[in-house]
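I have placed the structure first, in the form of structure tokens, so that the comments after it can refer back to it.
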Amino acid sequence: MNDLDRQLTELQERFGAAVAAAPSAQALDDARVAFLGRNGEVTSVRRSIGTLPPEARPAAGKRINLAVEAMERMLGDAQVRLEARAFETELAQVVDVTYPGIEPPVGTIHPVRRITEQASAYFARHGFAVVVGPEVEPDYYTFDALNIPSDHPAREGFDSFWLTDSLLLRPHTSPMQIRTMQQHRPPVAIIAPGKCYRRDAVDARHLFQFHQIEGLLVAEGVHFGHLKGMLSGLCRELFGPEQQVRFRPSFFPFTEPSAEVDTTCPRCHGHLQRCGMCGGSGWIELGGAGMVHPNVLREVEYDPDVYSGWAFGVGVERLGLTRYGVDDIRRFINSDPDFLEQLR
Ligand code: PHE
């Protein structure tokens, strides 16, 4: 038994040395065959068990198996070591780590989102809360509560995608006026950005899905001048310090008086007669606005004799066309990386 021990220890040492010195996978395999192979050294030790007394044989077998296990571990470790070394050698040959890398293409914030965020930040700075509402609305919030009863011709201006008799994809963000006022007592100051849907034929100026930013301020003593001030500030923020805002008389059932909001063409400032952006008028249309109609205030149980307010709704893609000098609104939804990259 002592003899066997000594023999195996010596064998293991020699094997360890051979394995450590093996310069290649081939050399490693030669060592394996010489020691652990069918006609290898371990096999001859195993054969010698036959010369032992029968009662000593099982223990000797176990001892040999342990030695084999240890040797196989050595072999495995050496294999891993050799492979790692080979990989590094290969790397050193083919990879020049000083060579400039390939820049992976990274995305950008979409212009619609960027404008929404910038406008939201502007209003948040002025104390407005940013709220978001559902894109599927009952007709109550979309029309009735906004002073547009079901027989009102103004409904035709909102050619909508109806889901059921009373549910539709919202054609504007104005339902958020009602939702907000029903949940909060005045004063309220909110903006509500989000997606809107209309059954519009798609062209350079129209999409059937677009984004609006709704604004609403209701308190005591609020007047039209505040509205003009806030929208002028928004346009200066988005387009530059020279921007002006003008109102043209218009009609919305939920505001009185109502107005269309225009801003000075940021490309020609009204000076270029053949401006491609504003068509020479000097003004760009952004959306609708007005003083909240008393019927709307009454609907949400605000006393119109005490409170007054204004509201506006501007198209984000419209702001985008103006901001980036883009000629076709469809470019915003074409997922063209080159276009988005340009606006980065
Ligand atoms: N909701 C109107 C539209 O989409 C815009 C608007 C909002 C007008 C608020 C007045 C007040 O056309």
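Numbering of ligands and ligand atoms starts at 1, following listing order.
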Next on the checklist: Closer than 3.5 angstrom, by distance alone: can the side chain of Ser160 be matched with the main-chain N or O of Trp162 as a donor-acceptor pair?
Outcome noted: no
Checklist entry - Do any pairs count as a salt bridge (charged side-chain N to carboxylate O under 4.0 Å, His left out) and have a residue in residues 134-153, sequence neighbours left out, and if so which ones? => result Glu137-Arg179, Asp144-Arg155
Item to check | Aromatic ring pairing Phe254/Phe158, orientation class (parallel under 30°, perpendicular over 60°, tilted between) | outcome: tilted
Item to check | Smallest separation among heavy atoms of Pro171 and Phe143, with atom names | outcome: CG-CZ, 4.3 Å
Between ligand 1 and the protein, which N/O pairs fall short of 3.5 Å?
from	atom 1	to	atom 2	distance (Å)
ligand 1	1 (N)	His172	ND1	2.9
ligand 1	1 (N)	Ser174	OG	2.9
ligand 1	4 (O)	Arg198	NH2	2.9
ligand 1	4 (O)	Gln212	NE2	2.9

Next on the checklist: Do the side chains of Asp328 and Arg330 get close enough for a salt bridge, i.e. N-O under 4.0 angstrom?
Outcome noted: yes
Checklist entry - Near Glu10 CD, under 6.0 Å, is it more than 12 heavy atoms from other residues, nucleotides or ligands? => result yes
